[in-house]
Amino acid sequence: MAGTAVQAGTVTGGIHVYAHGPSRPPPTETDAALSAAIPVGQALPRRLGIHAARRGTDDSDLPPYVPRDSDGLIRRRVRTSADHGGAVLVVGDSTAGKSRALLHALAETVPERRLVVPAADTDFTALADRLRSTAIDEEHERWVLWLDDLDRYLWHGAKGLTEATVQALAAARTLVAATIRSEYYDAYRAAPADGRGEAHGDGEEARLLRRIDVVELGRVWSPGEVRRTAESPDRRLREAAAHHGVHGVAEYLAAGPDLLAEWRRARRHVQRGGHPRGHAVVTAAVDLTRTGLGSPLTRELIEQAHSAYLADAAALGPETFEEAWDWARELRLGTTGLLVPADHGGKEGWRPFDYLIEAADTPIPAATWQAALDHATDAEARLRVVLSADRLGEREFAHAECETLALTGHARAMTIMGRWERRAQRFRKAEEWFRQAVSAGNATAVRDLGHALSMRGRVGEAEELLRSAAEHGDFRAMNALASLLSEQRRPEEALHWYRRSALSGDRSAVEQYGRMLTDQGRPELAERWYREAVERGHFSAMASLGTLLQAQGRSDEAEEWIRTAIDDGRHDAALQIGLFFMERQRPAEAVPWLRRAAADLGAGIGVEHLAAALVHEGRDEEAAAWIREFGSDYDATMVGLILTAGRWDDEARRWEQAAGELLEPGSDKDA
């Protein structure tokens with residue numbers, strides 16, 4: 001009798017289908033992933049990469065879900081993306097609870113949709129084509145793509161997760177549900193967004209992440225979240241509320257701090273309870289993962305690499321490798337081991353507990369970088385290691401290996417070499433690499449070459465190249481071309497390209513298009529655009545709409561939109577509108593917004609602008625109090641510069657003369 005048995009691997013592995021009966025063509029990776037899809041409401045959390053917790057009295061590996069403060073916001077993002085197609089991205093530290101919060105929101109909002117868990121090296125172009133070709137008239141026939149640890153799906157070239165594939169998934173009304181650790185997201189977010197500057201890695205992944213509105217989930221739980229945890233009937237949750245200390249509740253439940261401490265304690269003599277070789281095994285696995293290897297690690301690779309961490313450990317009496325291997329995999333506190341199993345193309349694979357990766361901050365030995373390169377299966381995998389090396393500051397190594405790849409004819413490596421030369425302000429060399437990449441067929445290099453020529457003052461050639469790339473759908477080229485046209489005082493053409501980029505889903509273009517309309521004296525059109533953008537799921541446009549309405553004297557409407565933006569996680573909305581009024585020399589209207597921003601954002605963000613507005617209003621003492629509480633010497637100096645830039649010279653002189661005495665009480669700061 002013919003039949004099919006489906007086995008789902010871990011989230012880091014693939015989906016395997018074993019068929020019995022008549023011979024048939026082997027299923028593709030996409031076939032397997034779709035065949036294994038199940039309704040969201042039936043998904044098992046542990047199968048989706050959600051950490052186990054300390055065992056309960058009923059032997060369950062997860063306690064009941066505790067509502068998080070961000071649940072409402074995540075659900076709103078899910079509904080919008082479910083209606084229009086799009087992505088929901090939850091950002092947070094390891095064991096912050098982001099994966100479980102996202103799954104809970106999906107189960108509450110779209111429980112009947114089919115959940116697909118692709119392998120990290122899935123061909124997303126093929127997957128998007130298949131999803132688009134399926135019937136989507138009925139709710140249960142639509143899809144949710146689960147991408148836990150989103151960074152694993154990046155850096156796979158054209159077939160990986162790119163702007164184009166995300167757009168194709170949105171066209172198929174597929175909801176992309178993803179998480180990413182803060183350290184990776186922050187590295188990408190630091191890259192500029194105007195389409196013309198240097199970006200992390202080769203820039204495409206950074207651009208993709210900046211196109212998605214995120215929800216950030218704090219590692220340390222709020223008082224309300226802790227209170228709800230303490231009120232739970234589950235013993236583990238009550239213990240977590242009482243004993244989590246400086247750690248987050250989810251962090252405590254997953255035993256992250258305990259496992260980290262055990263790993264660090266292991267490097268001591270075996271007669272004192274140490275596991276020096278076990279420590280080396282786990283450290284090697286952590287560092288190999290940090291090099292950017294996209295696939296789970298084999299035992300052979302870990303064994304080969306671990307010797308680099310034993311150079312000075314002979315006096316500790318290292319145990320045998322078998323003993324070290326067993327220790328590293330041992331289940332602890334009913335949750336996980338230091339190394340956890342992960343499918344590796346049907347073979348046994350391993351990965352370190354991700355909490356350990358996040359805590360690692362020591363330099364990676366040269367031997368480990370080389371082992372990672374040797375293990376990389378193809379040029380794209382080697383390039384991923386190269387980009388990780390650049391991100392971690394190993395630029396000499398990264399440059400040498402990337403140049404080797406480029407000289408073999410790898411077009412993407414050529415483009416990266418050009419960007420690195422541009423970063424070093426060697427524009428002529430950058431241009432040479434970009435021209436080679438264009439000749440080798442790299443479409444994105446057309447835009448980069450245009451930018452390089454623009455930097456060298458060859459505006460006509462630059463415009464021609466950028467226009468060519470933009471017309472072929474390169475969103476960054478659209479923005480770069482629009483910026484170039486704006487600089488040449490060709491506003492209508494610039495507006496055209498900002499609008500095309502914005503309609504493609506680019507958040508920065510949404511903002512820029514609306515601002516240009518406003519500056520041209522077309523506020524009605526700008527308002528219509530911002531409202532349309534909000535309906536499309538561009539949540540950042542809410543703050544811009546509020547700013548526009550406030551400038552028109554429609555304060556009540558503006559307040560409503562700003563509050564909505566803040567409630568929706570746009571905590572910079574109040575700062576944005578405050579700066580708007582300061583730029584237009586209306587400090588009295590800026591004060592309440594800047595005060596709210598300084599209170600909501602914390603860490604003194606915007607405090608110098610608030611102080612400047614207060615000084616202009618003659619409220620020097622209040623300005624000094626804000627600087628003393630939240631600011632620094634630099635902020636005090638910035639107040640004078642802001643007042644000078646606003647042409648409020650009398651106030652600037654008064655502040656500079658009085659700041660030292662005003663800041664003196666209770667503080668060692670001075671201006």
Side-chain angles (χ1 to χ4, degrees), residues 11 43-75 77-78 88-108 148-149 177-186 214-264 331-338 340 352-359 569 571 602:
V11 72
L44 299 176
R46 293 288 292 119
R47 290 287 185 134
L48 299 179
I50 293 172
H51 294 297
R54 304 164 194 259
R55 288 283 176 180
T57 53
D58 58 355
D59 204 36
S60 60
D61 58 3
L62 284 176
Y65 181 75
V66 176
R68 305 295 300 272
D69 294 344
S70 298
D71 282 351
L73 173 56
I74 299 174
R75 285 196 298 269
R77 296 284 168 85
V78 167
V88 180
L89 179 60
V90 180
V91 178
D93 293 339
S94 172
T95 68
K98 53 189 181 295
S99 300
R100 195 164 188 203
L102 180 56
L103 179 60
H104 180 76
L106 292 172
E108 291 278 306
D148 200 39
D149 289 332
T179 69
I180 191 170
R181 295 209 307 272
S182 297
E183 60 179 299
Y184 289 113
Y185 181 73
D186 290 343
V214 306
V215 179
E216 297 199 43
L217 205 62
R219 177 182 62 83
V220 177
W221 289 32
S222 72
E225 290 171 333
V226 174
R227 184 185 67 254
R228 291 191 289 274
T229 305
E231 293 170 351
S232 171
D234 188 271
R235 175 185 55 80
R236 290 166 295 179
L237 291 173
R238 295 196 303 274
E239 285 182 2
H243 303 297
H244 66 88
V246 298
H247 304 292
V249 170
E251 193 176 0
Y252 175 86
L253 287 168
D258 300 276
L259 292 168
L260 177 60
E262 184 166 358
W263 173 38
R264 289 174 170 169
L331 194 66
R332 290 162 170 83
L333 299 174
T335 59
T336 185
L338 298 172
V340 297
F353 182 51
D354 58 11
Y355 192 87
L356 310 182
I357 303 169
E358 191 168 286
H571 296 296

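Side chains included, hydrogens not; waters and symmetry mates left out as well; all remaining heavy atoms used. Here, residue 1 is the first one in the sequence, and each next residue gets the next number.
- When the salt bridge (Lys or Arg N to Asp or Glu O under 4.0 Å) test is applied to Arg68, the partners found at least two apart in sequence or on another chain are Glu225.
- Not counting sequence neighbours, the partners of Glu262 by the side-chain contact (heavy atoms from CB on, under 4.5 Å) test are Arg265, Trp327, Arg332.
- To the nearest 0.5 Å, atom CG of residue Asp93 and atom NZ of residue Lys98 are 7.0 Å apart.
- Take Pro45 and apply the side-chain contact (heavy atoms from CB on, under 4.5 Å) test, not counting sequence neighbours, and it matches Ile50, Leu62, Leu103.
- The ring pair (Phe, Tyr, Trp, His ring centres under 6.0 Å) search around Tyr355 returns none, not counting sequence neighbours.
- For Glu108, there are no salt bridge (Lys or Arg N to Asp or Glu O under 4.0 Å) partners at least two apart in sequence or on another chain.
- Between Gly97 and Ala250, the shortest heavy-atom contact is N-CB, 4.0 Å.
- For Ser99, the side-chain hydrogen bond (donor to acceptor under 3.5 Å, both in side chains) criterion is met by Asp148, not counting sequence neighbours.
- Applying the side-chain hydrogen bond (donor to acceptor under 3.5 Å, both in side chains) test to Glu239 and every residue at least two apart in sequence or in another chain returns Arg235.
- Residues passing the side-chain contact (heavy atoms from CB on, under 4.5 Å) test with Val340, sequence neighbours excluded: Thr336, Arg351.
- From Leu259, atom CG reaches atom CZ of Arg264 across 12.0 Å, with rounding to the nearest 0.5 Å.
- Note: His104 NE2 to Asp71 CG = 5.0 Å, rounded to the nearest 0.5 Å.
- A search for side-chain hydrogen bond (donor to acceptor under 3.5 Å, both in side chains) contacts involving Trp263 returns Thr283, not counting sequence neighbours.
- One N or O on the side chain of Arg238 and one on the backbone of Pro233 form a donor-acceptor pair closer than 3.5 Å.
- By the salt bridge (Lys or Arg N to Asp or Glu O under 4.0 Å) test, Asp69 pairs with Arg228, sequence neighbours left out.
- Between Arg181 atom CZ and Thr95 atom OG1 the span is 10.0 Å, to the nearest 0.5 Å.
- Partners of Ser70 under the side-chain contact (heavy atoms from CB on, under 4.5 Å) rule, at least two apart in sequence or in another chain, are Ile74, Val215, Leu217.
- Partners of Asp354 by salt bridge (Lys or Arg N to Asp or Glu O under 4.0 Å), not counting sequence neighbours: none found.
- Minimum interatomic distance between Leu331 and Gly337 (heavy atoms only, all atoms of both residues): CD1-N, 4.2 Å.
- With values rounded to the nearest 0.5 angstrom, Phe353 atom CZ is found 10.0 Å from Glu358 atom CD.
- The CZ atom of Arg219 sits 10.5 Å away from the OG atom of Ser94 when rounded to the nearest 0.5 Å.
- In terms of heavy-atom proximity, Asp149 sits nearest to Thr179 at N-OG1, 3.1 Å.
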